[in-house]
**Student:** 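Please see the structure below; I have some questions.
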Amino acid sequence: MNLDLMRLIDKQFLETPFYGVRQMTWHLRNEDHLVNEKRIRRLMGVVAWIVARLLLMRPVSFGMQ
């Protein structure tokens, strides 16, 4: 269940990066998901942490070789 919600959060965040916890909760509730703000806050933090870790592990290319 949490993994599915994290996928939905990630997909929606790519479309609307200005959505915060309240807007994301409202959006998911409108799609008939039973969620509250605490859960969305926690899952958005986990998604952000995963993205940050992936960005740190990716080699940085500045166009110079």
**Student:** Flag yes if Val46 and Leu54 sit in one hydrophobic cluster, no otherwise; membership is Ile, Leu, Val, Met, Phe, Trp, Tyr, and two members link when side-chain heavy atoms are under 4.5 Å apart.
**Tutor:**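 Val46 clusters together with Leu54.
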**Student:** How long is the span from the OH atom in Tyr19 to the CG atom in Leu28, to the nearest 0.5 Å?
**Tutor:**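 So the OH of Tyr19 and the CG of Leu28 are separated by 10.0 Å.
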**Student:** Would you check if Arg22 and His27 make a side-chain contact, meaning some heavy-atom pair closer than 4.5 Å?
**Tutor:**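 Contact flag for Arg22/His27 side chains = no.
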**Student:** Should the heavy atoms of other residues, nucleotides or ligands under 6.0 Å from CG of Leu34 be counted, would the total exceed 12?
**Tutor:**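 Not buried by this count: 12 neighbours or fewer within 6.0 Å.
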**Student:** Heavy atoms, side chains only, cut-off 4.5 Å: are Arg42 and Asn2 in contact?
**Tutor:**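 Of all side-chain heavy-atom pairs linking Asn2 with Arg42, at least one is under 4.5 Å.
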**Student:** With a 4.5 Å cut-off on side-chain heavy atoms, are Lys38 and Arg41 touching?
**Tutor:**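 No. Closest side-chain heavy atoms not under 4.5 Å.
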**Student:** Could you see if Met1 belongs to whatever hydrophobic cluster contains Leu3? Use Ile, Leu, Val, Met, Phe, Trp, Tyr and a side-chain cutoff under 4.5 Å.
**Tutor:**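 Result: no, two separate clusters.
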**Student:** Would Arg7 and Asp4 pass as an ion pair if we require N to O under 4.0 Å?
**Tutor:**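 Result for this pair is yes, salt bridge flagged.
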**Student:** Please say yes or no: joined through hydrophobic side-chain contacts below 4.5 Å, possibly via intermediate residues, are Trp49 and Val21 part of one cluster?
**Tutor:**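 They do share one cluster, since a chain of ILVMFWY contacts under 4.5 Å joins Trp49 to Val21.
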**Student:** Are Phe18 and Leu14 in one and the same hydrophobic cluster, where Ile, Leu, Val, Met, Phe, Trp and Tyr link if side-chain heavy atoms are under 4.5 Å apart?
**Tutor:**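 No, because Phe18 and Leu14 fall into different hydrophobic clusters, even though each may have its own neighbours under 4.5 Å.
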**Student:** Do Met24 and Arg29 pass the side chain to side chain contact (heavy atoms under 4.5 Å, CB included) test, and can you show the C-alpha distance, the side-chain angles, and the key distance before you say yes or no?
**Tutor:** CA-CA 9 Å; Met24 191 66 70; Arg29 284 180 182 165; over 6 Å; no
**Student:** Quick one: pull up CD1 in Ile40 and CH2 in Trp26 and give me the separation to the nearest 0.5 Å.
**Tutor:**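 Rounded to the nearest 0.5 Å, the CD1-CH2 separation comes to 14.0 Å.
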**Student:** Taking the side chain as every heavy atom from C-beta outward, state whether Thr16 and Gln23 have any atom pair closer than 4.5 Å.
**Tutor:**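 No; the side chains remain at least 4.5 Å from each other.
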**Student:** Met44 and side chain to side chain contact (heavy atoms under 4.5 Å, CB included): which single residue from Asp10, Ile9, Leu5 fits?
**Tutor:**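 Among Asp10, Ile9, Leu5, the one that satisfies the side chain to side chain contact (heavy atoms under 4.5 Å, CB included) with Met44 is Ile9.
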